Every structure is written in C-alpha cells, then in structure tokens.
Chemist: 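I have a structure here, written as structure tokens, and I will follow up with some questions on it.
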Amino acid sequence: MPLYITNKTIIMPEQSIYIKNANHDGKTVDIYIKGNIISRIIPCGAEQQAEEHMQAATTIDARGMNIYPAFYNMHNHAAMTLLRGYADDLPLKEWLEQHIWPAEATFTEEYIRVGVKLACLEMIKSGTLFFNDMYWKEHVALPVVESMGMRGVLGVTLIDAMQDDEKEKSFEVIENAAQYNTPLVTLSVAPHAIYTAGKQLLCRCAETARRNNLKLHIHISETQNEVADCIKQHGCSPVAYLDKIGFLGEDVIAAHAVHVTDEDIRILSRRGVTVAHCPAGNMKLSSGIAPIQKMLDAGCRVTLGTDGCSSNNNMDMREEMKIAALLAKVTSGAQALPAKQVLDMATRAGAEAFGIGAGTVEEGKIADLLLVRSDDPVMTPMYNTVSNWVYSSNSALVDTVICNGRILMQGRKIEGEAEILQAAGEVSARIARLRQ
C-alpha cells in the first residue's frame, strides 16, 4: 500500500481578517472574518466597524475591488497540467491513444507532484480554491494540495485493466480513507467510466464508497461512441445502465453528461446526481454540447469543471463560466443560463455538493472568497457586478484569494511561485524530448 506522506496538520486560519471598502453587489461594505467564518458584513463606515477593525489580525483595503465567492472546480485531472498543449487539434481517439496515454505512461511520482503543484498554483491565481480530481497516485497529490492550502477531493481511480494487486491496494486505501483525509483534502472513489470499468468493479466501487461515506466520481455519456456502445452492449444509455445496477445516487459526481436523453435527465434529477459540466473541453474535443438548460429545468444540480489541461489547456473557471453561459444561449435562447445562475453553478452548487458551507458571500458562511480588481477598463462601467465578472472580466484581475479564512494570495503574489514554475519547466522539457 502506498505511504501517504502527510503530517495531518490542521491548517489554522488567520485569527481574523477585516476587509474594508469592498464592492459587494453594488454596495460598499466592510467584512469581518473571524476564524474561517464570515462573521459580519456591514455598510462601509458604519459605527460597528471600529471594534472589529481594532481586533483584526489582518486588515485588507479592498478599495477598487469587488468581492465574490471563490470557484469550485468540479472535474479535473490536475497532474495533466504537464500536458498543456502537448497534442492539440486532433480527433479524440488519436489524441488519447497515440499521444496522451503514451505520455502519461512515463509519468513518475516526481512528475505528478510537480504537475499537481503547478495546477494548484494556476487555480489559486485564477480564483479556484476547491477541485474534484480524478487521476493516479493520489497519495502523491494529497500532501501537495495540503501544502498549497487548497481544498481538494482526490479520486482513487479504478479501471478493469489494473492488475489485481493494484486494485486491492486501491480498495485498501479507500477502506482507510479516514486516516488519510485532512481538514481540507479528502479522497473519493473514482471508477473512470463504464467503458473502462465493468459491472463488478462499478458495483464494488459504489458499495465501498457508501460504506466509507465517500463520494463517487465518474465520466458519464461524454461521447456519442460511448452511448452507442452502451446501447449495443446493455440495451440502454450509460445513465440508465448505471441506474439499473444501483450506482447512481446523491453521492455521485457525473462528469460531462453531454449525450443524455430527456429520460436520462429525469433519472439524474430523481437520483440527485451532481453533474459536472465541462464546456471548454467538450468543445475542444468535439464531444458535443450538453443540454444544461434542460438539466436545470428538470431540477438537476449542475456544477462547472474545467477538465484537464490536455483537453482544455487551462483551469480558468471564470472563462468556463462565460463559455457555459454562451453555449446555453446558442442551444436554448438568449435568456438561458443568465450570469447569476452560472456564477452559482461555479461556486455555491459545488460547495453544496460536498457539504461545505461556502459558495456565497453571506454572514455565517465559510470564508472562501476572492477580491477582484474593478478599476480596469474591462470592468467599466459597473452596472452589474455579477454580469461583469461572468462576461467581461478575466482571471488576471483576481488580486486576493482567501480559503477557509486563510490568505493564499494577496496582490497576486504566492509564496514559492518561481520555484514551482521552474520545476514544471524542467519536467516538461523531459517530456518534450519524448517526441523527438
């Protein structure tokens, strides 16, 4: 069984943070964070501010900034940052089998450690504080994510092609997940997809996850070929097949769900499945456009994810929001997926799926927050703060990032950034030599 190298240290948040002069929904407010909780939101200059300000360990002047909830990236393959741009503009089968899989076969633990750290850096700088991951060697990734101060759920990935002893080691990890979990980083059970995991493995994954109170993370109905093959083999769609074998439930995160019927959508809604919509990756690989508005209308919980950097090229959730909203309008009309709703998908919906009391800027919520520059041409004029963030802004305007009441970035500066980039450059140079 792999050794999980983690000191299990609880990341203690700042004693208190006082944010003054922040623009929140068109109003200038002061926000007091006590421990990891948003304790008070008061009008700027109100009499009540004096006591909190004097007691605060850290004061941030947010003049010229908007405050938003941080992003929750609900489907990712973090270590694949090292394959950004490695094999672009190719058909899915050729891209995967001739380029991505052979490159991944060379990944050592060092590569994964470096790739995950690079991913964490990129996500923090673009406003993401949580990611739901599916990759290999989760024991390598876990202490890296913990050291960066982020939230993460790391999938123990399982496929039929694994050797029996590898599977048993993975299930042993799952059975002992409680001893590896930290306050911000936990494990999930991640059978890759129905075409890489048969019924026996899928059912074992579901049973083991539920007995250990862990989430299930799986790709569902990503491509037309996947759906056609499932109908040929099982006589029904992937969603209906997973429902038939008892896999679906409120603990399932279903990535993609591009090719789903109205009946599939009803099943997803009835079972309380969380859908992780990945529009940029779906477009780049020509997988299709998921019927998101239909899912929302049916009562499905729909969230956003970026997928991995080899199929999206970045993990910019702000960009993903805009793409999701515009794609929905192409298929369902100009009023589909308005700015406020897509921001909710990228923040609150993901937090709720994992039972985390964050995702909104409200008193009593966990302080997972972003301060975003508003004194920029793309944010001017400011008729609607949410609309500007979704449609016109960019993630380079993220100035300050607070996770669980702890400042991870301020003034766009993150400790150790240069070292992370240098290590990633060295590893990627080795990967590039494979192609020569």
Side-chain angles (χ1 to χ4, degrees), residues 10-19 22 24-25 29-41 58 60 62 65-76 120 123-133 145-146 148-154 181-186 188 215 217 250-251 253 274-277 301-306 315 317-318 320-321 340-372 385-386 389-390 395 398-410:
I10 295 177
I11 299 173
M12 296 301 293
E14 302 277 353
Q15 181 182 354
S16 59
I17 301 173
Y18 198 84
I19 302 172
H24 176 46
D25 286 340
V29 299
D30 295 338
I31 297 176
Y32 181 60
I33 299 168
K34 186 174 182 180
N36 67 344
I37 300 297
I38 301 172
S39 176
R40 302 187 71 181
I41 302 176
T58 302
I60 299 173
M65 300 186 206
N66 293 344
I67 190 162
Y68 301 105
F71 294 127
Y72 277 57
N73 187 341
M74 292 291 286
H75 180 62
N76 199 356
C120 290
M123 284 189 276
I124 293 171
K125 296 207 75 164
S126 55
T128 292
L129 296 183
F130 169 100
F131 67 105
N132 182 39
D133 204 52
V145 181
E146 183 185 21
M148 295 294 288
M150 291 182 68
R151 301 183 186 276
V153 177
L154 308 180
N181 292 344
T182 75
L184 297 184
V185 189
T186 60
S188 69
K215 296 290 187 181
H217 185 189
E250 294 180 1
D251 50 3
I253 314 299
T274 295
V275 174
H277 179 37
R301 176 189 282 139
V302 182
T303 62
L304 278 183
T306 60
M315 289 174 287
M317 285 285 286
R318 207 280 337 161
E320 211 75 26
M321 285 197 300
K340 188 176 185 304
Q341 189 170 30
V342 77
L343 176 60
D344 187 70
M345 285 167 52
T347 56
R348 182 194 60 80
E352 284 188 353
F354 281 92
I356 301 169
T360 58
V361 184
E362 294 180 73
E363 291 183 356
K365 293 290 187 178
I366 293 173
D368 284 2
L369 303 170
L370 309 178
L371 291 174
V372 178
T385 59
V386 172
W389 184 217
V390 171
S395 61
V398 176
D399 177 273
T400 300
V401 173
I402 299 171
C403 179
N404 199 42
R406 179 172 178 247
I407 298 171
L408 301 189
M409 179 176 79
Q410 190 171 7

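Positions are given from 1 along the sequence. On a predicted model such as this, the values are computed, not experimentally measured, just so you know.
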Chemist: Could you state the interatomic distance from CD1 (Ile366) to CD1 (Ile402), rounded to the nearest 0.5 Å?
Modeler: 13.5 Å
Chemist: Taking atom CD as the centre, does Glu363 end up with more than 12 heavy-atom neighbours from other residues, nucleotides or ligands that are less than 6.0 angstrom away?
Modeler: yes
Chemist: Give the minimum heavy-atom separation between Gly149 and Leu184, together with the two atoms involved.
Modeler: O-CD1, 3.8 Å
Chemist: Please give me the minimum heavy-atom distance between Ile38 and Thr360, naming the atom from each residue.
Modeler: CD1-O, 4.2 Å
Chemist: Go through the steps for Asn76 and Met123 under the test side-chain contact (heavy atoms from CB on, under 4.5 Å), then give the verdict.
Modeler: CA-CA 11 Å; Asn76 199 356; Met123 284 189 276; 3.7 Å; yes
Chemist: State, yes or no, whether a side-chain contact exists between Thr306 and Thr128 at a heavy-atom distance under 4.5 Å.
Modeler: no
Chemist: Report yes if the side chains of Val398 and Arg318 come closer than 4.5 Å at any heavy-atom pair, otherwise no.
Modeler: no
Chemist: Please check: side-chain N/O of Lys125 versus main-chain N/O of Met409, any donor-acceptor pairing under 3.5 Å?
Modeler: no
Chemist: How about Val361 and Leu369: do any of their side-chain heavy atoms sit closer than 4.5 Å?
Modeler: yes
Chemist: Consider side chain to side chain contact (heavy atoms under 4.5 Å, CB included). Of Ile253, Asp251, Asn132, which one does Thr274 pass it with?
Modeler: Ile253
Chemist: Which distance, rounded to the nearest 0.5 Å, do you find between the CE of Met65 and the CG of Leu370?
Modeler: 12.0 Å
Chemist: Quick check for you: to the nearest 0.5 Å, what is the distance between Arg348 atom CZ and Gln341 atom CD?
Modeler: 9.5 Å
Chemist: List the steps and the verdict of side-chain contact (heavy atoms from CB on, under 4.5 Å) for His75 and His217.
Modeler: CA-CA 9 Å; His75 180 62; His217 185 189; 2.8 Å; yes
Chemist: First locate atom CD1 of Ile31, then atom CD1 of Ile67, and finally report the distance between them rounded to the nearest 0.5 Å.
Modeler: 3.5 Å
Chemist: Within the 4.5 Å heavy-atom criterion, are Val145 and Cys120 side-chain neighbours or not?
Modeler: yes
Chemist: Compare all side-chain heavy atoms of Asn73 with those of Leu304 and state whether any distance is below 4.5 angstrom.
Modeler: no
Chemist: Restricting to non-hydrogen atoms, name the atom on Ile17 and the atom on Gly405 that form the minimum distance, rounded to 0.1 Å.
Modeler: CD1-O, 3.5 Å
Chemist: Can you tell me how far the OG atom of Ser188 sits from the CG atom of Leu154, to the nearest 0.5 Å?
Modeler: 7.5 Å
Chemist: If you look at every heavy atom in Leu129 and Ala70, which pair is closest and at what distance?
Modeler: CD1-CB, 3.5 Å
Chemist: Of all heavy-atom pairs between Met74 and Ala353, which one has the smallest distance, and what is that distance?
Modeler: CE-CB, 3.8 Å
Chemist: Among Asn404, Thr186, Val185, find the one that has a side chain to side chain contact (heavy atoms under 4.5 Å, CB included) with Arg151.
Modeler: Asn404
Chemist: Please find the pair of heavy atoms, one from Cys403 and one from Leu408, that lie closest to each other, and give the distance.
Modeler: CB-CD1, 3.7 Å
Chemist: Would you call the rings of Phe130 and Tyr72 parallel, tilted or perpendicular, where under 30° means parallel and over 60° means perpendicular?
Modeler: parallel
Chemist: Side-chain contact test, heavy atoms from C-beta onward, threshold under 4.5 Å: evaluate it for Met345 versus Thr303 and give yes or no.
Modeler: no
Chemist: What distance separates Asp344 CG from Glu352 CD, expressed to the nearest 0.5 Å?
Modeler: 7.5 Å
Chemist: Where does the angle between the aromatic ring planes of Trp389 and Phe71 fall among parallel (under 30°), tilted (30 to 60°) and perpendicular (over 60°)?
Modeler: parallel
